[in-house]
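Report on the following structure.
Scope of the values below: all heavy atoms of this structure, side chains included, with no hydrogens, waters or symmetry mates. Since we're looking at a predicted model, the values are computed, not measured.
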Amino acid sequence: MELQPRIEHLKEKKLIGKHLKMSLVENKTVELWRNFMPRRKEITNKLTSDFISMQIYEETMNLNDMSQKFEKWAVTEVANFDHVPDGMETFTLQSGLYAVFDYKGLSTDSQIFIYIYGTWLPNSAYLLDDRPHFEVLGDKYKNGDPNSEEEIWIPIKPKS
């Protein structure tokens, strides 16, 4: 696999959605999206039709710890927090530097993440930064389809 990212400086984003605490061992992603998707139309001030699957680690992401706890969010970007549906939460994603990988394939295929963290990152001019990781699920995203497309956003900082 030889996938080169584009490096982008993300501007702050306002997000509304739901989240659950989980680990890779106790993965509750399906439950999270099952709770969020039926209510997505209640979010009235969306900026795009995209959805974002976001992970926030309590401490720096540890690739060797499958039981490491993190928050998983199912969100969409909004113009403001003037109307937050009952039972949903807000999150402000701070600006910062990201490596953005355009990925085509099954979202359950861990090979892309093995490549990003095990090959690309160690050989790049960047270190992993301690900020949210996320995937943008746009119009070409098709859950469970090998032709699905998404953007994988990895928080980075220069090695100095």
message: In this structure, is the centre-to-centre distance between the rings of Phe70 and His133 below 6.0 Å?
response: no
field: Test of ring centre spacing under 6.0 Å for Phe134 and Trp73
entry: no
Does a salt bridge link [X] with [Y], judged by any charged N lying under 4.0 Å from a carboxylate O?
X	Y	result
Glu151	Arg6	yes
Lys157	Asp130	no
Glu26	Lys69	yes
Glu42	Arg39	yes

message: Contact between Met54 and Leu93 at the side-chain level, heavy atoms closer than 4.5 Å - yes or no?
response: yes
Taking all heavy atoms of [X] and all of [Y], pick out the closest pair and write down the distance.
X	Y	value
Leu32	Ala74	CD2-N, 3.7 Å
Thr76	Thr48	OG1-O, 4.0 Å
Leu121	Lys159	O-NZ, 4.3 Å
Ala79	Leu47	N-CG, 3.7 Å
Ser49	Asp139	OG-OD1, 3.2 Å
Trp120	Leu3	CD1-O, 4.3 Å

- prompt: Got a sec, which residues hit ring-ring contact (aromatic ring centres under 6.0 Å, His included) with Phe51, two or more places apart in sequence or on another chain?
  reply: Phe36
task: Tell me, please, which residues at least two apart from Phe113 pass ring-ring contact (aromatic ring centres under 6.0 Å, His included).
output: none
task: Could you walk me through whether Glu58 and Gln68 pass the side chain to side chain donor-acceptor pair (under 3.5 Å) test, one step at a time?
output: CA-CA 8 Å; Glu58 293 174 359; Gln68 181 182 19; over 6 Å; no
field: hydrophobic_cluster_shared for Trp33 and Val30, side chain cutoff 4.5 Å
entry: no
query: Taking atom OG1 of Thr92 and atom CD of Gln94, what is their separation to the nearest 0.5 Å?
result: 6.5 Å
Whether Lys18 side chain and Gly87 backbone form a donor-acceptor pair below 3.5 Å: yes
Backbone N/O of Glu149 and side chain of Lys142: donor-acceptor pair under 3.5 Å: no
message: Using side chain to side chain donor-acceptor pair (under 3.5 Å), reason through Asn80 and Asn45 one step at a time and then give a plain yes or no.
response: CA-CA 7 Å; Asn80 54 54; Asn45 54 350; 2.8 Å; yes
field: Cation-aromatic face contact Arg131/Tyr98, 6.0 Å, 45 degrees
entry: yes
- prompt: If you draw the axis of the six-membered ring of Phe91, does the NZ or CZ of Lys14 fall within 45° of it and under 6.0 Å from the ring centre?
  reply: no
message: Please enumerate all residues that pass salt bridge (charged side-chain N to carboxylate O under 4.0 Å, His left out) together with Asp145, with sequence neighbours excluded.
response: none
